[in-house]
Amino acid sequence: MNRNILISLSLIFLLTVQAAAQSISDYNIVWNSQSKNSGESMPCGGGDIGMNVWVEDGDILFYFSRSGTFDENNTLLKLGRIRIKLTPNPFDGEYFRQELKLENGHIVIKGKDKDISSDVRIWADVFNPVINVDIANNKSLKAEVFYENWRHEDRFLRKNESNQNSYKWAAPKNLVTKKDEVSFDGNRILFYHRNSGETVFDATVAQQGLEDIKSQIFNPLQDLTFGGFVEAKGMKATNTSSGIYANTDFVAWKLESEKPQKNYSVKIQLHTAQSNGLQEWKEALYKPVQSDLKKNIAWWNEFWDRSFVHIQPQNKNSKGFEIARNYQLFRYMLGCNAYGEYPTKFNGGLFTYDPVHVDSTFNFTPDFRKWGGGTHTAQNQRLVYFPMLRSGDTDMMVSQFEFYNRILPTAELRSKIYWGHGGACFTEQIENFGLPNPSEYGWKRPESFDKGMEYNAWLEYQWDTALEFCFMILENERYTGKDISKYLPLIESTLRFFDEHYQYLAKQRGRKTFDENGKLVLYPGSACETYKMAYNAASTVAALQTVSSRLLETTEIQTDTAKNRYYTEFLNRLPEIRTREIDGHRTIAPAWLWERVNNVETPQLYPVFPWGIYGLSKPDLDVALNTWKHDKDVTKFRSHIGWKQDVIWAARLGLVDEGKELLIKKLESASTRFPTFWGPGYDWTPDHNWGGSGMIGLQEMLLQTDGKKILLLPCWDKSWNVHFKLHAPYNTTVECKLENGKITLLKVLPESRRKDVIKFTSQ
């Protein structure tokens, strides 16, 4: 053969291999054996639906969940479990394959036994609340579809089981999870849960002395109805049966094929609404919906084209490849709740499974998760949402922004009723209706204790995490140019609370409102949950400085003379972030003063992330580095587990070796069968703030921004080849390929932003 032809063919082959290695499908998870239990399940979803899919003893099973399905106790209930049996069973033979096809957003299960084979595709409609199961057999087979429900009767909640709801460890006696309604409706299986009677919302309002204004408080639980139906053409309703799975009893309603068929299409259509009556809800549920598979695949293709990170793509056995794969897998899990009414929960999202497979002492139902369902822990939620800026998934941030916007009136009512001033008081452990979690607020509290305060050693005076979501909103505008005017009252009111409340507290203590320099005194305060009864906590000061200065940059505030004057004066009367000397080194102090250390967080590095006051290309980088190296609490608390952010700080400080080590620990595969079901860490499995913090850390190693400056590869070990596309402010995308220590591709859009790129290539 001609030598030139050989060279050309070799080049084509190499380019083809390279392209294939850098396809999102290269990260698909493939299992060639069945699973032992739900703990070995695989995530699948779309829109606002999540499923845990596995094959066990020849049966296809999956749990399915949906955003916003809160019961009377504010547990985020699963909607049920589906079991599919084929006879003769193609999954009893010599060939089995289960694959998560990332590029299409669905799972394909294949089985072959002798001359019988079957292909099953499971997928959630991104645009409609529908789950589809498409079954294609090479021969006509009998099919049975079971809807399995463990809430077939009221279930008393056992000791520790109420950690799944808003009562947590202080549940009232004989608390139950109320039963669902399940029945055959023709040849459909109809299932739903409709909240009735008193809910935890009512109990919380009474506990916190707000019954006089109850009608003004957003109530997401009243008359909330959620559920759906299961149907399949050519299948009829037959009978019910009972069983036990993972030590939890259930009742199953069965659809059975009228005759053997080659193809089946099973449809599960869902509906969630606060309906005036059951009939209204049913009419909405039964409205015809047609799923479009091609449209859904196109959505997932566009999702993957927004951004990507490929590390060592030519070496699938390398740690770098594993890290990049897990980054994509976790991003997929976040994408499954792209359009949920409620944010993705940090403690499992839509992908929790039988708790006994997380902790053998938790012998509870599949609805269980630690740290509640409708309760949102802001410190954890923020780590789920920050990485969406760089990945270009800002459309997925809307549910988190709306969460706060919905409860803004409640937060303002708290300030007005309890203290008689303005501003929005958002607490750390906050319910989906805007009040503090009742058990964190304290059921046994002194009668004279401030009604606006949580009677809790960890949470008292911790109000500043709402500012991080305000910052995300402002960043969203900077990244995309989207109109954020609907959220400006939220940002303004959150800032105003700190101004008015700390003036209020100063007047309670004495004659003077400000210190001798005319500055606010942020006392008592809290530097995260760790440095308590803090005086001018660094994390709070940094938050207020950053958010107020960014608010002042918005057109709306710049053109409103009164508001511009107010927020300028507010910014000017904020105290400074103080430093202290440790072993002769100047470091960032967690606060000016504090009374005790209560947890293991590191607020003295919050001025590095998220607030960006210290960092590469910024003044006093040595102060932040000294804090990382010499602050004994910082070094003692350092970890990769759960919500720990050390990998992010290492990246922001340009610490290549330490950052890489932490990144590997953070994003390497979990001990579970599915690689990104990390946890339980401090929370639950799968731990979404574990994955979120890992995503942020990797993004920050590849790309950082400072105003209009774009820092390229600021904390990257050049021995790892990498190809990435990430987003930056001002509608900018940066695509870069580093090969053998050299940048071989740099694509900046718009091209005018290329001049703002600063390359870090010396490590």
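Neither side chain, Tyr27 nor Glu103, offers a donor N or O lying under 3.5 Å from an acceptor on the other. Side-chain N/O atoms of Ser526 and Gln462 include no donor and acceptor closer than 3.5 Å. Counted by atom type alone, Gln429 and Asn437 present zero donor-acceptor pairs between their side chains at under 3.5 Å. Side-chain N/O atoms of Gln604 and Thr587 include no donor and acceptor closer than 3.5 Å. Between the side chains of Gln645 and Tyr606, a donor-acceptor pair is found at a separation under 3.5 Å.
Under the 30°/60° scheme for interplanar angles, the aromatic rings of Trp611 and Phe471 are found to be tilted. Note on ring orientation: taking the six-membered ring where Trp is involved, the planes of Tyr332 and Trp300 are tilted (angle from 30° to 60°).
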CA sep, side-chain torsions, deciding dist, call: Lys725, Thr733, side chain to side chain donor-acceptor pair (under 3.5 Å) = CA-CA 7 Å; Lys725 176 184 175 183; Thr733 57; 5.6 Å; no
Kindly determine whether Thr394 and Arg306 satisfy side chain to side chain donor-acceptor pair (under 3.5 Å), including the steps that lead there.
-> CA-CA 11 Å; Thr394 52; Arg306 293 178 189 176; over 6 Å; no
Could you give me the CA-CA distance, side-chain angles and deciding distance for Asn337 and Tyr342, then say whether side chain to side chain donor-acceptor pair (under 3.5 Å) is met?
-> CA-CA 9 Å; Asn337 191 34; Tyr342 282 87; over 6 Å; no
Determine, stepwise, if the pair Glu475 / Arg390 fulfils salt bridge (charged side-chain N to carboxylate O under 4.0 Å, His left out).
-> CA-CA 10 Å; Glu475 285 286 86; Arg390 288 276 162 76; over 6 Å; no
Where do His688 and Tyr385 land on the ring-ring contact (aromatic ring centres under 6.0 Å, His included) test, with the steps shown first?
-> CA-CA 10 Å; His688 279 46; Tyr385 280 87; over 10 Å; no
CA sep, side-chain torsions, deciding dist, call: Glu431, Ser166, side chain to side chain donor-acceptor pair (under 3.5 Å) = CA-CA 8 Å; Glu431 294 300 303; Ser166 294; 2.4 Å; yes
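More than 12 heavy atoms of other residues, nucleotides or ligands sit less than 6.0 Å from atom CG of Asp622. In the displayed structure, Lys618 atom NZ is contacted under 6.0 Å by more than 12 heavy atoms of other residues, nucleotides or ligands. Dense packing is recorded around NZ of Lys482, with more than 12 heavy atoms of other residues, nucleotides or ligands lying under 6.0 Å away. Within a 6.0 Å sphere centred on CH2 of Trp371, other residues, nucleotides and ligands contribute 12 heavy atoms or fewer.
Looking at every heavy atom in both residues, Leu467 comes nearest to Val547 through O-CG2, 3.6 Å. Closest of all the heavy-atom pairs between Leu408 and Phe426 is CA-CZ, 4.0 Å. The minimum heavy-atom distance linking Ser539 with Cys528 is given by the pair OG-N, 3.8 Å. Nearest approach of Ala624 to Leu653, heavy atoms of both residues: CB-CD2, 3.6 Å. Across all their heavy atoms, Asp687 and Gly681 have their closest contact at OD2-CA, 4.3 Å. Cys425 and Trp463 make their closest contact through SG-NE1, 3.5 Å (heavy atoms, listed as atom of the first residue, atom of the second, distance).
The ring-ring contact (aromatic ring centres under 6.0 Å, His included) test with Tyr531 singles out one residue from Trp458, Trp594, Tyr461, and that residue is Trp594.
Side-chain contact between Met472 and Met397 is present, with at least one heavy-atom pair separated by less than 4.5 Å. Between Glu735 and His723 there is a side-chain heavy-atom pair separated by less than 4.5 Å. Contact check for Phe498 versus Asp464: side-chain heavy atoms found under the 4.5 Å cut-off.
A centroid separation of 6.0 Å or more is found between the aromatic rings of Phe308 and Tyr327. Note: Phe346 and His376 fail the aromatic proximity criterion, with ring centroids not under 6.0 Å apart. Phe403 and Phe469 have their aromatic ring centers separated by at least 6.0 angstrom. Between Phe351 and Phe674, the gap from one ring centroid to the other reaches at least 6.0 Å.
Ion pair Arg66/Glu341 not flagged as a salt bridge, since none of the NZ, NE, NH1 or NH2 atoms sits closer than 4.0 Å to an Asp/Glu carboxylate oxygen. By the 4.0 Å N-to-carboxylate-O rule, Asp646 lies too far from Lys665 to be salt-bridged with it.
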